[in-house]
A.B. asks: 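So that we are looking at the same thing, I have put the structure below in structure tokens.
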Amino acid sequence: MRELPKVYDPRQVEKKIYDMWLDGGYFHAERDPHKKPFTIVIPPPNVTGQLHLGHAFDETIQDILIRYKRMDGYSALWLPGYDHAGIATQIKVEEKLRNEGKTRFDLGREGFLDEVWAWKNKFGNRIVEQLKTLGSSCDWARQRFTMDDTCAKAVRETFVDLYRKKLIYKGKKIINWCPKCTTALSDAEVEYVDKPGHLWHVRYPLADGSGELIIATTRPETMLGDTGVAVNPADERYKDIVGKKCILPLVGREIPIVADEYVEMDFGTGCVKMTPCHDPNDFEVAQRHNLDFVLMLDEHGRIINGGKYNGMDRYEARKAIVADLEAGGYLVKVEDYAHSVGTCYRCHNDVEPLYSDQWFVKMQPLAKEAIRVVEDGEVKFVPDRFSKTYLNWMYNVRDWCISRQLWWGHRIPAWYCDDCGHVTVSKEDATECEACHSHNIRQDPDVLDTWFSSALWPFSTLGWPEETEDLKYFYPTDVLVTGYDIIFFWVARMIFSACEQTHSIPFHTVLIHGIIRDPQGKKMSKSAGNGVDPVEIIEKYGADALRFNIITGNSPGNDTRFYVERCEAMRNFANKLWNASRFVMMNLTVDEVKLPGELELPDKWVLSKLNTLVKEVRENLDKYELGIAAQKIYDFIWDTFCDWYIELCKARLNGADAKAKEGAERVLLYVLTGILKLLHPFMPFITEEIYQAIPHESEALIIAPYPEYDPALSFPQEEAGFELVMDAIRALRSRRADMGVPPSRKAKVMVCTAEKGIFEAGAQYVQRLASASEVEVLGADYGGDTAGMVAVTTPAARLLMPMAELVDLEAERARLNKELEKAHAQLEAQNRKLANENFVSRAPEAVVNAERERAEKAKALIANLEESLRALG
RNA sequence: GGGAGCAUAGCUCAGCCGGUUAGAGCACUUGCCUUACAAGCAAGGGGUCACUGGUUCGAGUCCAGUUGUUCCCACCA
């Protein structure tokens with residue numbers, strides 16, 4: 001046993017404890033046939049990213065679950081890993097190149113990839129180290145990367161399998177294109193933002209000169225790609241001109257006027273220009289009416305096929321075209337108009353719908369099973385409302401565009417034959433065309449969406465498609481923890497991928513948390529500069545304080561605001577526990593955790609409360625109510641253990657009775673040990689540090705068994721009995737404070753009570769905690785002279801303190817009368833309830849009994865108050 | 001257009017299956033360096049649980065509607 005410093009310093013402890021855990025190999029999950037597995041795969045952070053509070057939130061939840069299960073006897077695997085993050089990483093490396101005056105094309109594909117790998121190797125370890133400072137108990141030996149060989153194999157296997165099942169196809173469609181990232185995006189990767197814009201009304205003259213149409217558009221520049229105008233077939237205004245042609249202003253092209261249900265008559269002018277290559281709806285209308293397809297934007301968002309506008313950037317072109325329309329007299333009017341614009345989730349530039357040849361996953365067939373497993377409850381969302389979010393998306397899911405025009409990622413395993421045109425899709429790198437055996441083949445230059453490999457994460461990380469021992473033992477995984485913002489990106493795709501590839505759900509529970517916001521409730525972001533660096537917080541307050549801050553005062557699925565001051569409060573809590581432990585150790589002479597043979601009243605009280613706590617915390621953890629569990633442990637430690645039990649023990653510890661002292665020591669050590677175990681998943685560092693310093697049964701707290709409810713340690717009667725003593729102590733303190741009596745001014749306390757036994761057992765505690773010089777326990781019927789006595793009244797007792805000089809008879813009487821009034825009101829309320837036939841007959845017995853007890857208590861209080869009044873004379 | 005969340009103390013939030021006198025942290029007031037802890041102890045002040053109606057013996061909690069607010073989804077040119 002060693003001396004602990006007075007103030008807890010996490011910096012002295014956390015690194016040392018983490019290394020101890022690593023050295024002990026405690027994070028490593030063995031395939032143990034005698035244990036049940038419990039598996040969580042980490043949502044892989046971007047390999048070159050930095051830890052932010054969102055990660056801290058996510059990882060803390062997972063670490064709590066893993067540590068709980070590990071202590072509870074499971075072979076608990078928390079599998080860590082990182083995502084190659086195609087677009088994000090490529091952007092970063094290209095940025096770096098730009099600063100050197102280079103582009104990726106200068107390096108060529110191979111050279112560029114070398115550069116990215118170098119970048120990955122340089123920064124990839126940073127986030128690992130940061131996760132460690134949080135205390136994450138990941139099985140680092142099983143660390144994975146979405147670009148490593150195992151994951152690559154899973155990607156190929158899946159791609160080829162889906163291709164053979166015709167669930168992956170290549171086709172020309174309107175996709176989302178980011179001109180900045182110069183790649184296609186999936187629907188999920190587009191964020192719609194309401195932006196102020198304009199509605200330009202433009203004249204399209206009829207070709208036969210018989211009139212004109214007014215067309216309203218938010219994007220005049222796309223008229224370069226117009227190949228028709230559509231009206232609603234039921235629109236009387238345009239009945240006669242359907243089938244005619246009009247002339248596209250500035251361009252001069254004659255384009256047909258068609259009738260299509262898609263057009264809403266009461267929006268704008270009821271005429272819609274058709275730009276099939278740059279609008280998904282127009283595309284469909286064009287297909288129905290055989291309109292031409294004119295592509296008018298290139299990969300960078302510059303004009304092509306647009307005559308004099310060629311080469312202009314899309315925004316520049318808009319200005320030029322509006323000006324020309326106005327000059328040519330085609331512009332009728334301009335209205336302000338706010339509409340939602342799709343933006344790229346990585347670079348936030350406007351996304352262009354673009355007609356393009358891409359690879360897709362056919363979603364309908366896959367969605368079927370993904371819907372069923374959630375509808376049938378095989379996969380549960382916590383909180384449940386997110387299953388609705390998920391299902392709604394899945395019901396309406398559209399084909400997933402998976403090809404990206406990037407270099408960093410899993411290259412699409414498709415080879416095109418220059419001789420016969422056949423496409424060879426193969427798990428192994430193809431060397432010849434599988435149709436004509438020509439060697440004149442080229443691999444598709446594109447890579448797969450990053451989320452394609454993430455989708456396989458729960459099983460690819462365990463070795464799939466190989467039937468590995470790990471896969472057999474740890475898969476399906478158990479809980480997936482993530483924010484609601486990536487349900488579509490990731491959760492949904494893991495579910496259907498697992499169902500299709502492994503014929504199993506990937507996990508049975510999806511635990512959804514919200515996002516961490518700044519004190520104003522705004523999203524934290526780099527650009528807003530309101531981010532808080534968790535590493536700095538850990539440095540200042542400790543990882544335990546950060547973890548506890550994040551996890552308390554917040555419920556599943558809800559956003560939470562981050563207050564640095566709360567970290568201070570949690571650091572104080574850690575310090576409180578530290579000092580309580582110090583106190584226990586200072587008084588400790590026993591060297592094993594073992595309860596004494598004889599328990600005193602407060603011992604039974606605290607043990608019974610601890611026992612209840614154990615039961616409740618387990619229930620809360622099992623229901624993923626981590627915040628509630630944490631709050632209960634906090635309350636127990638601070639209030640029950642520190643403010644009451646430790647104080648209650650001081651009398652015995654300082655007393656002459658050696659046996660009583662030892663008894664107190666043993667119970668203190670037992671309860672402290674229980675607390676450390678309960679708290680460990682939440683505050684792993686400080687609890688381990690203390691555990692190592694006190695007598696302990698396990699070599700480390702991290703693998704000590706989590707406490708279990710023990711019926712033998714439940715003492716409801718003693719618990720309730722001791723509460724009577726505590727009531728008396730509180731009442732005495734309160735009265736003394738009211739009268740301004742300092743603690744140093746001790747006074748004798750006479751207890752008049754029917755509960756003589758309990759108060760006799762509690763007398764020493766009343767004496768110490770209520771600043772009494774001595775305590776005398778008398779019967780309830782004590783009728784001695786009470787002149788000059790201060791009377792303190794609780795339902796169980798009348799407490800008399802001789803303090804003649806402080807007694808104001810009138811004030812005393814008034815006070816007692818006031819209390820009496822309150823007690824009567826209370827009793828009346830109770831009696832009204834109990835007199836209600838409906839209540840007594842319909843409410844559960846326990847509730848009625850509780851009400852009766854309350855009435856009894858009120859009656860007892862009234863009797864005591866009346867007695868006190870009588871005694872005053 | 002569809003869907004969801006939130007509205008509880010000055011601030012930020014808990015409050016699970018409806019059942020004491022609605023809780024916590026921070027802030028505030030008063031008194032204490034009581035030999036574990038002033039990052040502390042004790043005692044207090046502060047709430048018509050957004051509004052209206054309903055179900056119920058009983059509603060912060062369940063239902064309907066209203067208002068405010070946040071978010072998600074959707075092909076509103």
Side-chain angles (χ1 to χ4, degrees), chain A residues 4 6-8 174 192 199 215-219 222 230 262-264 266-275 279-284 337 339-340 353 383 385-386 388-389 392-393 396 484-485 487-488 514-515 519 521 549 552-555 557-563 565-566 568-587 616 619-620 623 625 627-628 631 634-635 642-643 646-647 650 654 730 733-738 740-744 768-769 771 822 826 829-830 833 836-844 846-848 850-851 853-854 857:
Chain A
L4 296 173
K6 199 166 164 179
V7 172
Y8 175 64
I174 297 271
Y192 288 88
L199 201 52
I215 273 136
T217 179
T218 53
R219 307 201 47 202
T222 63
Y262 155 69
V263 181
E264 280 176 43
D266 43 10
F267 187 89
T269 59
C271 297
V272 189
K273 61 195 269 306
M274 290 294 118
T275 321
D279 184 287
N281 298 304
D282 295 6
F283 178 78
E284 284 175 20
Y337 184 71
H339 61 137
S340 75
R385 65 184 134 97
F386 290 105
K388 217 168 172 175
T389 310
N392 262 326
W393 188 79
N396 302 306
Y484 58 70
D485 49 339
I487 292 176
F488 306 141
I515 59 173
N549 179 6
T552 50
N554 135 316
S555 54
N558 285 355
D559 290 352
T560 178
R561 297 187 196 197
F562 188 84
Y563 290 88
E565 309 88 79
R566 267 177 62 88
E568 219 169 290
M570 296 312 157
R571 176 205 59 186
N572 293 353
F573 171 60
N575 197 50
K576 185 75 181 172
L577 174 63
W578 183 255
N579 278 294
S581 307
R582 235 162 42 88
F583 175 81
V584 172
M585 289 172 58
M586 280 164 51
N587 286 286
E616 290 182 359
E619 281 169 6
N620 289 133
K623 287 192 281 182
E625 295 164 349
I628 297 174
Q631 188 63 51
Y634 177 100
D635 289 343
C642 291
D643 288 347
I646 285 184
E647 294 304 324
K650 283 180 179 171
N654 296 339
R730 288 194 195 95
R733 283 170 171 173
S734 178
R735 175 61 59 88
R736 290 176 58 107
D738 280 352
V741 184
S744 50
R768 179 157 188 114
L769 300 193
S771 306
K822 254 174 90 179
Q826 177 79 37
Q830 244 67 255
K833 248 186 175 174
N836 183 338
E837 191 54 40
N838 278 322
F839 172 71
V840 179
S841 59
R842 292 189 201 193
V847 173
V848 178
E851 213 62 34
E853 259 173 52
R854 240 164 277 143
K857 232 176 155 180

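First the proteins, then the strands, lettered A, B, ... as listed; each starts at 1.
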A.B. asks: Using only side-chain N and O atoms of Lys576(A), determine if any of them is under 4.0 Å from OP1 or OP2 of rC41(B).
C.D. replies: yes
A.B. asks: Using only heavy-atom distances, determine whether the side chains of Asn572(A) and Glu568(A) contain a donor-acceptor pair under 3.5 Å.
C.D. replies: no
A.B. asks: When we call it a touch if two heavy atoms are under 4.0 Å apart, what does Asn836(A) touch: a base, just sugar-phosphate, or nothing?
C.D. replies: sugar-phosphate
A.B. asks: Looking across every strand, which nucleic acid part, if any, lies under 4.0 Å from Tyr484(A) by heavy atom: base, sugar-phosphate, or nothing?
C.D. replies: nothing
A.B. asks: Can you tell me how far NZ of Lys273(A) sits from CG of Asp279(A), rounded to the nearest 0.5 angstrom?
C.D. replies: 8.5 Å
A.B. asks: Please classify the nucleic acid contact of Glu568(A) as base, sugar-phosphate, or nothing, using heavy-atom distances under 4.0 Å.
C.D. replies: nothing
A.B. asks: Hey, does Gly514(A) reach any base, or is it just sugar-phosphate, or nothing, if we go heavy atoms under 4.0 Å?
C.D. replies: nothing
A.B. asks: Hey, what's the ring geometry for Tyr337(A) with Phe267(A), parallel, tilted or perpendicular (30° and 60° as the breaks)?
C.D. replies: perpendicular
A.B. asks: Among rA39(B), rC72(B), rC26(B), which nucleotide has an atom closest to any side-chain atom of Ala569(A)?
C.D. replies: rC26(B)
A.B. asks: On RNA chain B, nearest-nucleotide positions of Val840(A) versus Pro743(A): which is more 5'?
C.D. replies: Pro743(A)
A.B. asks: Is the Lys NZ or Arg CZ of Lys650(A) less than 6.0 Å from the centre of Phe583(A)'s six-membered ring, within 45° of the axis?
C.D. replies: yes
A.B. asks: For a quick check of understanding: with a heavy-atom distance under 4.0 Å over all strands, which category does Asp279(A) fall into, base, sugar-phosphate or nothing?
C.D. replies: nothing
A.B. asks: May I ask you to say what Ile215(A) touches in the nucleic acid, namely base, sugar-phosphate or nothing, with a heavy-atom cut-off under 4.0 Å?
C.D. replies: nothing
A.B. asks: Based on the glycosidic angle (syn within 90° of 0, else anti), state the conformation of rC17(B).
C.D. replies: syn
A.B. asks: Spell out yes or no: do the side chain of Arg733(A) and the base of rA42(B) have one donor N/O and one acceptor N/O closer than 3.5 Å?
C.D. replies: no
A.B. asks: Rounding to a whole Å, what distance do you find between Lys6(A):NZ and rG40(B):P?
C.D. replies: 13 Å
A.B. asks: To the closest 0.5 Å, what do you measure between CD1 (Ile174(A)) and CD (Glu284(A))?
C.D. replies: 9.5 Å
A.B. asks: Just N and O in the side chain of Asn572(A): are any of them under 4.0 Å from OP1 or OP2 of rG40(B)?
C.D. replies: yes
A.B. asks: Can you tell me which stems RNA chain B forms, taking runs of 3 or more consecutive Watson-Crick or G-U pairs with both distances under 3.5 Å?
C.D. replies: B:1-7 with B:67-73, B:10-13 with B:23-26, B:28-32 with B:40-44, B:50-54 with B:62-66
A.B. asks: Please tell me which of Ser734(A) and Lys388(A) maps to the more 5' nucleotide of RNA chain B, matching each residue to the nucleotide holding its nearest heavy atom.
C.D. replies: Lys388(A)
A.B. asks: Quick one: is rA77(B) close enough that its OP1 or OP2 comes under 4.0 Å of any side-chain N or O from Tyr337(A)?
C.D. replies: yes
A.B. asks: Write down the distance separating the C1' atoms in rC16(B) and rC73(B), rounded off to the nearest Å.
C.D. replies: 30 Å
A.B. asks: How would nucleotides 8-19 of chain B be written as a contact map, 5' to 3', with B for base contact, S for sugar-phosphate-only contact and - for no contact, using protein heavy atoms under 4.0 Å?
C.D. replies: ----SSSSB--B
A.B. asks: Assign Phe386(A) to base, sugar-phosphate, or nothing according to its heavy-atom contacts below 4.0 angstrom with the strands shown.
C.D. replies: nothing
A.B. asks: Glu284(A) near the nucleic acid: base, sugar-phosphate alone, or nothing, with a heavy-atom cut-off under 4.0 Å?
C.D. replies: nothing
A.B. asks: In whole Å, measure the gap between the C1' atoms of rG1(B) and rA24(B) for me.
C.D. replies: 42 Å
A.B. asks: Go through the structure and list residues passing salt bridge (Lys or Arg N to Asp or Glu O under 4.0 Å) with Asp485(A), not counting sequence neighbours.
C.D. replies: none
A.B. asks: Checking all strands, does Val263(A) fall into the base, sugar-phosphate, or nothing category for heavy-atom contacts under 4.0 angstrom?
C.D. replies: base
